J.: 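Just dropping this structure here.
From a predicted model like this one, the values you see are computed outputs, not experimental measurements.
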Amino acid sequence: MSRATDLARLTAVAEMVREARRTELARAMAAREDTRAMLAALDRPGPAMLDPLAAAQAAFHYGRWADARRADLNLGLARQTAAWMEARGAAARATARADVIDDLAQSERQARNRAAARREGEG
């Protein structure tokens, strides 16, 4: 295989990897945002009740449940943040690799074009 063919295939593979990493990053970001929305929803006030005693009891029980749910969601958010950070790094590396390969392929094309122009000028 020629160098140009090798570079073309490498460019295609690098682009596929870059897109896969971007997709993983988008999924990680969406999961974090979903969890953040669930956490925010826990802080919304409940419906108003007419009976103050029932309202106080409901608020107490809801508060206990919300605290436990918040702890679970925060643990999940920590995991999702770690996954997002890993995906962000992988996406950055894939993008950098693809950019370097693109630059190399472009340099190769320019060199071929210059050589072809020289041959035309000599002939």
Side-chain angles (χ1 to χ4, degrees):
M1 269 187 229
S2 73
R3 181 176 166 99
T5 303
D6 289 345
L7 279 173
R9 288 183 177 176
L10 190 56
T11 299
V13 169
E15 186 59 34
M16 285 187 281
V17 170
R18 178 181 6 204
E19 288 307 312
R21 296 301 178 256
R22 285 180 178 169
T23 300
E24 290 170 8
L25 179 59
R27 281 189 195 127
M29 288 173 59
R32 284 179 65 215
E33 292 307 313
D34 289 347
T35 301
R36 285 181 174 171
M38 287 187 270
L39 279 166
L42 292 175
D43 294 331
R44 291 189 192 131
M49 295 187 170
L50 298 177
D51 180 18
L53 179 60
Q57 288 176 332
F60 173 75
H61 290 295
Y62 176 79
R64 288 183 60 201
W65 173 84
D67 287 344
R69 181 71 176 136
R70 195 173 286 111
D72 288 342
L73 288 172
N74 278 325
L75 183 60
L77 183 59
R79 286 186 186 123
Q80 290 166 341
T81 299
W84 170 75
M85 290 172 70
E86 186 175 315
R88 186 179 60 176
R93 285 187 300 278
T95 297
R97 286 179 184 138
D99 289 347
V100 167
I101 293 168
D102 287 343
D103 290 347
L104 186 59
Q106 185 176 4
S107 295
E108 180 71 19
R109 282 191 300 274
Q110 289 173 349
R112 277 196 322 269
N113 290 342
R114 283 192 303 271
R118 269 187 258 127
R119 282 193 300 272
E120 286 178 12
E122 294 172 357

J.: Closest heavy-atom contact between Ala28 and Ala87?
T.: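 Nearest heavy atoms, Ala28 then Ala87: CB-CB, 4.4 Å.
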J.: Any salt bridge between Arg22 and Glu19, counting N to O under 4.0 Å?
T.: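 Salt bridge: yes.
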J.: Salt bridge between Asp67 and Arg70, side-chain N to carboxylate O under 4.0 Å?
T.: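 Salt bridge present between Asp67 and Arg70.
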J.: Should Arg36 and Glu33 count as an ion pair when the cut-off is N to O under 4.0 Å?
T.: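 Judged by the 4.0 Å cut-off on N to carboxylate O distance, Arg36 and Glu33 do form a salt bridge.
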J.: Which is it for Glu24 and Arg21 under the salt bridge (charged side-chain N to carboxylate O under 4.0 Å, His left out) test, yes or no, and what are the steps along the way?
T.: CA-CA 5 Å; Glu24 290 170 8; Arg21 296 301 178 256; 3.3 Å; yes
J.: To the closest 0.5 Å, what do you measure between CD (Gln106) and OG1 (Thr11)?
T.: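 Between Gln106 CD and Thr11 OG1, I get 10.5 Å after rounding to 0.5 Å.
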J.: Return the minimal non-hydrogen interatomic distance between Ala41 and Tyr62, and the atom names on each side.
T.: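 Result for this residue pair: O-OH, 4.1 Å.
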J.: Are Leu73 and Trp65 connected into the same hydrophobic cluster when the rule is that any two of I, L, V, M, F, W, Y join if their side-chain heavy atoms are below 4.5 Å apart?
T.: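 Result: yes, single cluster for both.
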J.: To the nearest 0.5 Å, how far apart are CG in Leu39 and CG in Asp72?
T.: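 It comes to 10.5 Å.
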J.: For the OG1 atom of Thr81 and the CG atom of Asn74, what is their distance to the nearest 0.5 Å?
T.: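 Interatomic distance, Thr81 OG1 to Asn74 CG, rounded to 0.5 Å: 9.5 Å.
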J.: Would you indicate whether Arg112, at its atom CZ, is surrounded by more than 12 heavy atoms from other residues, nucleotides or ligands within a distance under 6.0 Å?
T.: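 Counting neighbours around CZ of Arg112, more than 12 heavy atoms of other residues, nucleotides or ligands fall under 6.0 Å, so yes.
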J.: Assess whether side chain to side chain contact (heavy atoms under 4.5 Å, CB included) is satisfied between Arg97 and Val17, documenting all intermediate values.
T.: CA-CA 10 Å; Arg97 286 179 184 138; Val17 170; 6.0 Å; no
J.: Treating Ile, Leu, Val, Met, Phe, Trp and Tyr as nodes and any side-chain heavy-atom pair under 4.5 angstrom as an edge, say whether Leu77 and Met85 lie in one connected cluster.
T.: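 No: no chain of side-chain contacts under 4.5 Å links Leu77 to Met85.
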J.: Do other residues, nucleotides or ligands put more than 12 heavy atoms under 6.0 Å from Met38 CE?
T.: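 Correct, the count exceeds 12.
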J.: Under a 4.0 Å N-O cut-off, is there an ion pair linking Arg18 with Asp102?
T.: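 The answer is yes: the pair qualifies as a salt bridge.
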J.: State plainly whether one hydrophobic cluster holds both Ile101 and Met16, where clusters connect Ile, Leu, Val, Met, Phe, Trp and Tyr through side-chain heavy atoms under 4.5 angstrom apart.
T.: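 Different clusters: Ile101 never reaches Met16 through Ile, Leu, Val, Met, Phe, Trp or Tyr contacts under 4.5 Å.
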J.: Could you pull out the closest heavy-atom pair between Leu25 and Ala91, with the gap in Å?
T.: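 Residues Leu25 and Ala91, closest heavy atoms: CD2-CB, 4.1 Å.
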